[in-house]
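Here is the structure we will look at.
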Amino acid sequence: MPSNELLEFRTSVRALLGKHATSAALRTAMDTDLGYDPKLWRMLCEQVGVAALAVPEQWGGAGAGLVESLMVVGELGRTLSGVPMLGSAVLGVQAILLAGDEQACARLLPDLADGSRTAALCWADAAGWDSAGVSVTDGKLSGAAHYVLHGAQAHLLLVLTDDGLFETTADAAGVTVAATPALDPTRTLAAITFTDAPATRIGTGDPAALRRRLREIAWAALASEQVGAARRCLEMTVEYTASRVQFGRPIGSFQALKHRMADMYVLVESAESAALAAALAVAEDSPSATEEAWVARKHCSEAFCTVAAETIQLHGGIAITWEHDAHLYFKRAHATAELFGTGRRPAAA
């Protein structure tokens, strides 16, 4: 169970998003090249400090932790907001911290912490997140990274290769960035091609261990996001069935619909438990982190897809119109079920 301080923090974030991350604002942002509302991102960074949460104080951060960052990701999931919290403030920041290079931390983290710059992690090839699509020779990057979250909008590119983690910029020589059409219109992806692009190595750690740890963090973050979105789907459904009248009574009073919404509730509650367990385990780097992240990945993906489908079913025809948000949650559910890969169940210790 989150502490009272965490719950109060979540309430503050939810209040800000409820006022500024409306459905109308989301749809306006979807039609821009940036893909998200930069004013909302600045507001979140300046008023709440979301980008600084997991950054240590010595490098301009709040010195909080990963649990707080993932709680924000969950609140953003409720509104489907496409701001670069997950791609930059979670994956980008964690990649730099895990590399263990203090000089790189001092150089890169302050700008990421205040939100003035954003980072994108390049760590997938065309087949997915199990191997790198980019190689390095004499400090030059070659190859292509796919499915890069916020890749077309980021200033800093962090490239995970089989030889380690490297940094470059989107405007560096030999770097070509192309936006990638995606199933989910609320989230932007990109393909980035490197042709002898100059890069600087960050840290000297084991790339395989770094990839494993980043995968755990990514799965835990997605689980938090999926729970936030799934709970909002449940709330929308309950609100609609309480107001929609058929045969002289609200349809939510029909027993068959009550049972279906009760099943949705159980899925959301169990998914939230799995997501919280994963967030705590990953934040503490506990021995069970890999298992907890995998369990949350599987269960939260299945729960969100089921709840989103039920939301459409129980809303009826209105849910498949462009004007209603139900289809956006449905697309987010199926897109996040594939994002960062699905992986296999970890072997028992």
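- Not one N or O on the side chain of Y265 forms a donor-acceptor pair closer than 3.5 Å with the backbone of L234.
- Cluster annotation: M236 is not connected to Y240 through the hydrophobic network of ILVMFWY side chains, with a link wherever side-chain heavy atoms come within less than 4.5 Å.
- The list of ring-ring contact (aromatic ring centres under 6.0 Å, His included) pairs with a residue in residues 148-179, not counting sequence neighbours, is empty.
- Closest non-hydrogen pair, D162 versus P207, comes out as O-CG, 3.4 Å.
- Side-chain atoms of S288 do not come within 3.5 Å of backbone N or O of E291 as any donor-acceptor pair.
- Using a 4.5 Å cut-off on side-chain heavy atoms (C-beta onward), E216 and E292 make no contact.
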Exercise. So E302 and R297, salt bridge (Lys or Arg N to Asp or Glu O under 4.0 Å) or not? Walk me through it.
Worked result: CA-CA 9 Å; E302 292 171 3; R297 171 63 173 156; over 6 Å; no
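- Counting non-hydrogen atoms of other residues, nucleotides and ligands closer than 6.0 Å to CD1 of I320 gives a total of 12 or fewer.
- Listed by first and then second residue, the ring-ring contact (aromatic ring centres under 6.0 Å, His included) pairs that reach into residues 319-344 are W123-F340, W129-F340, H315-H324, W322-H327, F330-H334, sequence neighbours excluded.
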Problem set entry | Derivation and outcome, salt bridge (Lys or Arg N to Asp or Glu O under 4.0 Å), residues D130 and R215 | CA-CA 9 Å; D130 292 322; R215 176 74 68 86; 2.9 Å; yes
Problem set entry | Criterion salt bridge (Lys or Arg N to Asp or Glu O under 4.0 Å) on R231 and E235, from CA distance to verdict | CA-CA 6 Å; R231 189 171 292 281; E235 293 169 356; 5.6 Å; no
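- Looking only at distances, a side-chain donor or acceptor of S243 sits under 3.5 Å from a matching main-chain atom of E239.
- For S273 (side chain) and E269 (main-chain N/O), a donor-acceptor pair under 3.5 Å exists by modelled atom type.
- Looking at Q47, its side chain never comes within 3.5 Å of a backbone N or O of L44 through a donor-acceptor pair.
- Cluster annotation: V73 is connected to L189 through the hydrophobic network of ILVMFWY side chains, with a link wherever side-chain heavy atoms come within less than 4.5 Å.
- Put simply, CZ on R27 and OG1 on T22 are 10.5 Å apart, with the number rounded to the nearest 0.5 Å.
- Under 4.0 Å is where a charged nitrogen must lie from a carboxylate oxygen, and between D163 and R201 no such pair does.
- Under the 3.5 Å distance criterion, the side-chain polar atoms of R78 are left unmatched by any main-chain donor or acceptor of L17.
- Cluster annotation: L40 is connected to L86 through the hydrophobic network of ILVMFWY side chains, with a link wherever side-chain heavy atoms come within less than 4.5 Å.
- No side-chain donor-acceptor contact under 3.5 Å links T342 to the backbone of E338.
- Neither V227 nor W294 shares a network with the other; the hydrophobic side chains, linked directly or stepwise wherever heavy atoms of I, L, V, M, F, W or Y lie under 4.5 Å apart, form separate groups for each.
- When all heavy atoms are compared, the tightest approach of V282 to A293 is CG2-CB, 4.3 Å.
- Under the 4.5 Å side-chain contact rule for hydrophobic residues, L80 and L34 do not share a cluster.
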Problem set entry | Criterion side-chain contact (heavy atoms from CB on, under 4.5 Å) on T161 and S135, from CA distance to verdict | CA-CA 6 Å; T161 74; S135 60; 5.9 Å; no
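- Here the side chains of D196 and S142 are in contact, with some heavy-atom distance below 4.5 Å.
- Side-chain contact annotation: Q153 with T188, donor-acceptor N/O pair under 3.5 Å present.
- Between the D206 side chain and the A208 main chain, a donor and an acceptor come within less than 3.5 Å of each other.
- The OG1 atom of T200 sits 11.5 Å away from the CD atom of Q103 when rounded to the nearest 0.5 Å.
- For S301 (side chain) and K298 (main-chain N/O), no donor-acceptor pair under 3.5 Å exists by modelled atom type.
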Problem set entry | Test log, rule side-chain contact (heavy atoms from CB on, under 4.5 Å), inputs R187 and D184 | CA-CA 6 Å; R187 169 165 279 158; D184 179 6; 3.6 Å; yes
Problem set entry | Verdict with supporting geometry, M264 and L314, side-chain contact (heavy atoms from CB on, under 4.5 Å) | CA-CA 11 Å; M264 293 168 68; L314 295 179; 4.0 Å; yes
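- The two atoms that bring S224 and L70 nearest to each other are CB-O, 3.5 Å, heavy atoms only.
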For this session: Decide yes or no on side-chain contact (heavy atoms from CB on, under 4.5 Å) for L210 and L160, but give the supporting numbers first.
Result: CA-CA 9 Å; L210 180 57; L160 182 58; 3.7 Å; yes
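- Proximity of a side-chain donor or acceptor of D125 to a complementary backbone N or O of G133 within less than 3.5 Å is not detected.
- Around the CD atom of E102, the shell of radius 6.0 Å holds no more than 12 heavy atoms that belong to other residues, nucleotides or ligands.
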